[in-house]
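By convention here, the first residue in the shown sequence is residue 1.
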Amino acid sequence: MTQHLPYSLLDLSPVPEGSTAQDAIRNTIDLAQHAEGWGYHRFWLAEHHNMPGIASAATAVLIGLVAQATRTIRVGAGGIMLPNHAPLTVAEAFGTLATVFPDRIDLGLGRAPGGDGAVVRALRRDPMADSFPQDVVELLDYLGPERPGAAVRALPGEGTNLPVWILGSSTFGAQLAAHLGLPYAFASHFAPDELDRALAIYRARFRPSPWGSKPYAILAANVFAADDAGEAAYLRTTMQLAFARLRTGQPGKLPRPVRDIDAEIGAGMRQAVDHSLRISAVGGRAEVEDQLARLVETYRPDELILTGQIHDHAARLRSFEIAAEAASGLALQQAA
């Protein structure tokens with residue numbers, strides 16, 4: 001019997017040009033409600049700071065709003081940038097969410113700050129510290145079995161055994177996830193260069209743990225789908241333009257799509273952006289299904305998580321609806 005590949009959705013709660021953060025949050029909740037109906041397994045939100053085009057800075061708060069507005073879909077962080085926070089505060093926040101929404105909350109952990117040096121200083125964290133592995137272990141202890149004699153306990157949080165994921169765009173996260181026996185999600189939607197090596201390391205070095213008996217890897221991919229392939233390519237220019245602006249130190253609200261992306265950012269920058277965004281599926285239903293199937297066949301993930309920055313909310317909904325139709329037929333491939 002064919003086992004189908006789970007497919008999920010990563011949202012940054014984008015703030016398009018001409019709209020507000022309030023609009024973005026309302027649209028995120030609307031998208032999550034639709035995603036639940038379209039069969040998406042998880043709905044993840046990511047922590048970013050000091051970015052006019054992203055409204056998911058207070059990630060745990062937004063996760064609670066999404067979970068409250070949905071019924072069955074898993075909701076979580078993809079991810080929380082752990083260097084910004086004391087492990088205890090993360091355990092308490094997500095322990096509270098897991099208590100209110102049992103068996104529905106995920107906690108993905110990233111090593112990046114989610115902002116620039118000014119953000120790190122504003123968050124009162126030490127920019128020179130690199131205690132990510134130790135902080136992950138501390139967090140796991142807080143969320144694991146009850147510890148009645150411990151001097152510090154996460155209450156609520158203790159005993160929830162909340163699923164914890166390691167997120168990464170390099171081999172560092174792969175090695176840590178393998179060593180701790182945790183599931184792993186690779187940020188291939190914007191930093192795919194070490195994808196092959198990271199997955200190989202994670203699978204080869206995985207050590208079974210109370211958190212997992214075997215490797216479980218998520219592949220992240222951009223998707224820009226429409227009823228017409230030309231329209232899908234047009235929608236994609238929003239993310240190309242936003243990525244180029246971010247690279248050149250000009251972050252802003254999510255730009256409107258353009259008809260000639262090379263005229264906006266130049267062919268050289270567009271090629272560099274496309275290289276970073278190459279784990280993508282663009283087109284109509286058939287094209288998207290074919291491109292996703294090839295990604296799954298190549299990388300053999302245990303799950304696919306889809307994302308895509310699209311300016312118009314109605315077009316974004318339609319893109320993820322088509323993507324769900326395409327992904328629903330994908331078969332789980334046995335990892336090598």
Side-chain angles (χ1 to χ4, degrees), residues 8-15 21 24-25 27-29 31-32 42-67 74-98 101 105-127 129-133 135-136 138-140 142-143 154 157 162-170 172-173 176-177 182-191 218 220 242-243 246 251 253-254 305 307-309:
S8 297
L9 197 157
L10 171 65
D11 183 36
L12 302 185
S13 198
V15 186
I25 292 169
N27 289 341
T28 280
I29 293 170
L31 175 60
R42 309 175 200 276
F43 189 93
W44 279 4
L45 293 146
E47 176 186 352
H48 293 80
H49 298 282
N50 202 32
M51 299 189 72
I54 296 177
S56 57
T59 317
V61 175
L62 197 49
I63 287 169
L65 294 174
V66 170
R74 297 194 66 87
V75 187
I80 291 294
M81 301 299 106
L82 193 52
N84 298 340
H85 312 278
L88 178 61
T89 62
V90 176
E92 290 171 337
F94 279 81
T96 300
L97 289 168
F101 306 104
I105 303 298
D106 298 325
L107 173 54
L109 301 173
R111 185 185 176 205
D116 57 18
V119 166
V120 173
R121 290 188 292 274
L123 289 167
R124 308 294 194 270
R125 304 296 286 172
D126 182 356
D130 188 6
S131 58
F132 184 68
D135 288 347
V136 172
E138 182 181 345
L139 184 52
L140 291 172
Y142 287 136
L143 296 172
L162 177 71
V164 174
W165 298 70
I166 298 297
L167 313 181
S169 58
S170 70
F172 178 91
L176 181 62
L182 295 174
Y184 178 57
F186 192 88
S188 39
H189 60 301
F190 72 89
I218 287 184
F243 209 75
L246 184 62
K253 290 188 175 182
L254 193 66
I305 192 163
T307 190
Q309 302 284 70

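Pairing each heavy atom of Gly173 with each of Ile166, the nearest pair is O-CG2, 3.5 Å. Gly64 and Phe101 make their closest contact through O-CZ, 3.9 Å (heavy atoms, listed as atom of the first residue, atom of the second, distance). Closest heavy-atom contact between Ala77 and Thr59: CB-CG2, 4.4 Å. Contact between Gly78 and Leu167 at its shortest, heavy atoms only, is C-CD1, 3.3 Å. In this structure, Phe132 and Pro83 approach most closely via the heavy-atom pair CD1-CD, 4.4 Å. Counting all heavy atoms, side chain and backbone alike, Ala91 lies closest to Leu143 at O-CD2, 3.8 Å.
Not counting sequence neighbours, the partners of Tyr184 by the ring-ring contact (aromatic ring centres under 6.0 Å, His included) test are Tyr202. Applying the salt bridge (charged side-chain N to carboxylate O under 4.0 Å, His left out) test to Arg42 and every residue at least two apart in sequence or in another chain returns Asp106, Glu303. Glu92 meets the side-chain hydrogen bond (donor to acceptor under 3.5 Å, both in side chains) test with no other residue; sequence neighbours excluded. Residues satisfying the side chain to side chain contact (heavy atoms under 4.5 Å, CB included) test with Ala60, not counting sequence neighbours, are Ala93, Phe94, Leu97. The side chain to side chain contact (heavy atoms under 4.5 Å, CB included) check on Pro133 picks up Phe172, Leu176, with sequence neighbours excluded. Trp44 is linked by a ring-ring contact (aromatic ring centres under 6.0 Å, His included) to Trp165, counting only residues two or more places apart in sequence or in another chain. Legend: residues meeting side-chain hydrogen bond (donor to acceptor under 3.5 Å, both in side chains) with Ser56, ordered by chain and number and at least two apart, are absent. Scanning for side chain to side chain contact (heavy atoms under 4.5 Å, CB included) contacts around Ala57 gives His49, with sequence neighbours left out. Legend: residues meeting side chain to side chain contact (heavy atoms under 4.5 Å, CB included) with Ala24, ordered by chain and number and at least two apart, are Ser13, Val15, Ala55.
Leu31 has its side chain out of reach of Asn27: every pair of non-hydrogen atoms, C-beta onward, lies at least 4.5 Å apart. Looking at heavy atoms from C-beta onward, Leu182 lies out of side-chain contact with Leu109 at the 4.5 angstrom threshold. By the 4.5 Å heavy-atom criterion applied to side chains, Arg74 and Pro163 are counted as neighbours.
Atom CG in Leu139 sits 9.0 Å away from atom OG1 in Thr89 (nearest 0.5 Å). Here the CG-CG distance, from Leu45 to Leu10, works out to 7.5 Å after rounding to the nearest 0.5 Å. Separating the CG atom in Leu162 from the CG atom in Leu107 is a distance of 5.5 Å, to the nearest 0.5 Å. Atom CD1 in Ile54 sits 9.0 Å away from atom CG in Leu254 (nearest 0.5 Å).
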(message) Could you go through Met51 and Leu246, starting from their C-alpha distance and side-chain angles, then the distance that decides it, and tell me whether this counts as side-chain contact (heavy atoms from CB on, under 4.5 Å)?
(response) CA-CA 10 Å; Met51 299 189 72; Leu246 184 62; 3.7 Å; yes
(message) Between Val66 and Phe43, does the side-chain contact (heavy atoms from CB on, under 4.5 Å) criterion hold? Intermediate values first, please.
(response) CA-CA 9 Å; Val66 170; Phe43 189 93; 4.0 Å; yes
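Of the possible donor and acceptor atoms, one in the side chain of Glu47 sits under 3.5 Å from a partner among the backbone N and O of Met81.
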